[in-house]
Protein chains: 2
Amino acid sequence: MSLQPLIDHFDRFIPLEAGEKLLLDGRVSQRSIKRRQAILQEGFPCKHYSFVVAGCFRMYAIDQSGVEHTILFATENEWIADIGSFHSGQPSKLFVEAVEPSVILQIEQKDLYFLYLNVPKLDRIFKVIVENKYVELQNRLLQTISSTAQERYLAFLDAYPNLASRLPNTQIASYLGITPEFLSKIRKTIAS
Amino acid sequence: MSLQPLIDHFDRFIPLEAGEKLLLDGRVSQRSIKRRQAILQEGFPCKHYSFVVAGCFRMYAIDQSGVEHTILFATENEWIADIGSFHSGQPSKLFVEAVEPSVILQIEQKDLYFLYLNVPKLDRIFKVIVENKYVELQNRLLQTISSTAQERYLAFLDAYPNLASRLPNTQIASYLGITPEFLSKIRKTIAS
DNA sequence: AAATAGACTTAAACTGGTTTAAGATCTGAA
DNA sequence: TTCAGATCTTAAACCAGTTTAAGTCTATTT
């Protein structure tokens, strides 16, 4: 197992010292996840922060009518977790599932708390990580409430040019907050 | 000027020591803000993190057609800032405006960075603050993409029972992502 | 008391997006 | 190679929410 992608990731925020890197040993575990395999399911607490080394994940909720709503995608070098459930221990209302075969590095709650205590830099690093995720989410919310479906689709293509081809149409629609049928319609209008 | 509300706020996360509290002196400034007065305007970088001591603020964006979209409200003991613009120095795309006469405590970027360096606890505290804000925003996004306007309105009443009466109807509508006219319609259906 | 203006409501016509249903295309397993 | 299950598209009827426009209700100013 290699922690290198994670260490590189941290180093890009603040360089860690050798001793700090050693503390990571045994507190991070690597897993290979198959396409469509879930790493978090509704009703269970979120036990890990997961760092995507390779592949892609999708976080979504299922509403009362059984419709899926995609909150975000996480690709290489991104973190994915239900932060609320992770800290509170309460059952999550979300699913996190691999969109394609993936490799992740996971940290359990007790290990992450240990690391926060013993590598104070990590408080700073994760503060910045969460700030960045917050800004992203705020932009997504703003776009969701202020643009038409077509604008959102074009913005999605623009923001994630490589993701669009890796995802089934239904998942793109569920991210955009529309039906797959309407996504087809949009594509048709754009093409002409 | 009293820093007490801010100190109490920090203490609720991790108690600060006397020396740490002293470092806040001169790095936090108090301002009284009139109803409708802006503390951040589109086109200007966000220079401060603002802590609401009393009153209420609204963060919104104006789209190409001149329509306002409310992203969030911040009331007593909450922080409000355009985090992205604050750290990058880039012009903000957002407005932040007092909904009612308010009092805030503001920290400028250089002062906050100084405090992060000299009071490492603040890295931890702000990590937790941003995490909480992230969770809130994620719930809001999820609700926006998965519920009807009426469901969102009822949830809003439930989550902010006291806010509803303090706000003009147009601002509630802009938070819910609907027109004031449709909000009237919803109220009528609920009442009957 | 009258005048002005901002906030809220009502209602009819309209539109962006959904629903339902059917057909087309693709994929992988046997 | 073929068959079965997904996935994608098309189209018509439908509905949630918008637009436009007019009217009501306060509150404040004069």
Side-chain angles (χ1 to χ4, degrees), chain A residues 34-38 56 58 60-70 73 97-101 141 143-157 163-192, chain B residues 34-38 56 58 60-70 73 97-101 141 143-157 163-192:
Chain A
K34 288 184 218 153
R35 185 174 130 88
R36 295 214 170 258
Q37 185 181 342
C56 179
R58 180 170 74 102
Y60 63 95
I62 298 187
D63 69 18
Q64 312 92 316
S65 340
V67 179
E68 290 183 5
H69 301 279
T70 297
F73 295 104
E97 199 179 278
V99 161
E100 51 191 45
L141 175 68
Q143 215 199 26
T144 302
I145 63 183
S146 69
S147 321
T148 63
Q150 175 158 337
E151 287 165 342
R152 264 139 53 209
Y153 176 57
L154 292 172
F156 170 77
L157 289 184
L163 244 188
S165 56
R166 288 152 81 181
L167 293 172
N169 229 322
T170 48
Q171 290 181 11
I172 296 177
S174 121
Y175 177 84
L176 296 175
I178 57 175
T179 57
E181 291 83 357
F182 192 56
L183 179 52
S184 273
K185 218 178 192 173
I186 290 175
R187 284 189 158 155
K188 203 179 157 194
T189 358
I190 291 173
S192 61
Chain B
K34 287 184 217 151
R35 185 175 131 88
R36 295 216 170 256
Q37 185 181 341
C56 178
R58 180 170 72 102
Y60 62 95
I62 299 187
D63 69 17
Q64 311 92 317
S65 341
V67 179
E68 289 184 6
H69 300 279
T70 297
F73 296 105
E97 200 179 276
V99 161
E100 51 191 44
L141 174 67
Q143 214 198 28
T144 303
I145 62 182
S146 68
S147 322
T148 63
Q150 176 159 335
E151 287 165 343
R152 264 140 51 209
Y153 177 58
L154 292 172
F156 171 78
L157 289 185
L163 244 187
S165 57
R166 288 151 83 181
L167 293 172
N169 229 320
T170 48
Q171 289 181 11
I172 297 177
S174 122
Y175 177 84
L176 296 175
I178 57 175
T179 57
E181 289 84 357
F182 192 56
L183 179 52
S184 273
K185 220 178 193 174
I186 289 175
R187 283 189 159 155
K188 202 180 158 193
T189 358
I190 290 173
S192 63

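All values below come from the heavy atoms of this structure, side chains included, with hydrogens, waters and symmetry mates left out. Residue numbers begin at 1 in each chain, while the letters A, B, ... track the order of the sequences.
Nearest heavy-atom pair, B/Arg36 versus B/Glu97, reported as atom, atom and distance to 0.1 Å: O-CG, 3.3 Å.
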- Summarise how protein sits on nucleotides 8-26 of chain D as a single string, 5' to 3': B when a protein heavy atom is under 4.0 Å from the base, S for sugar-phosphate-only contact, - for no contact. SBBS-----BBBB------
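Taking the ring pair (Phe, Tyr, Trp, His ring centres under 6.0 Å) definition, one finds that B/Phe182 meets it with nothing, sequence neighbours left out. Under the rule for a ring pair (Phe, Tyr, Trp, His ring centres under 6.0 Å), the partners of A/Phe73 that lie at least two apart in sequence or sit in another chain are A/Tyr175.
For the pair B/Ile178/B/Ile186, a side-chain contact is recorded, criterion being any heavy-atom separation below 4.5 Å from C-beta on.
A salt bridge links A/Glu68 with A/Arg58; the closest basic N to acidic carboxylate O contact falls under 4.0 Å.
A/Arg36 comes within 4.0 angstrom of the backbone, heavy atoms only, and of no base.
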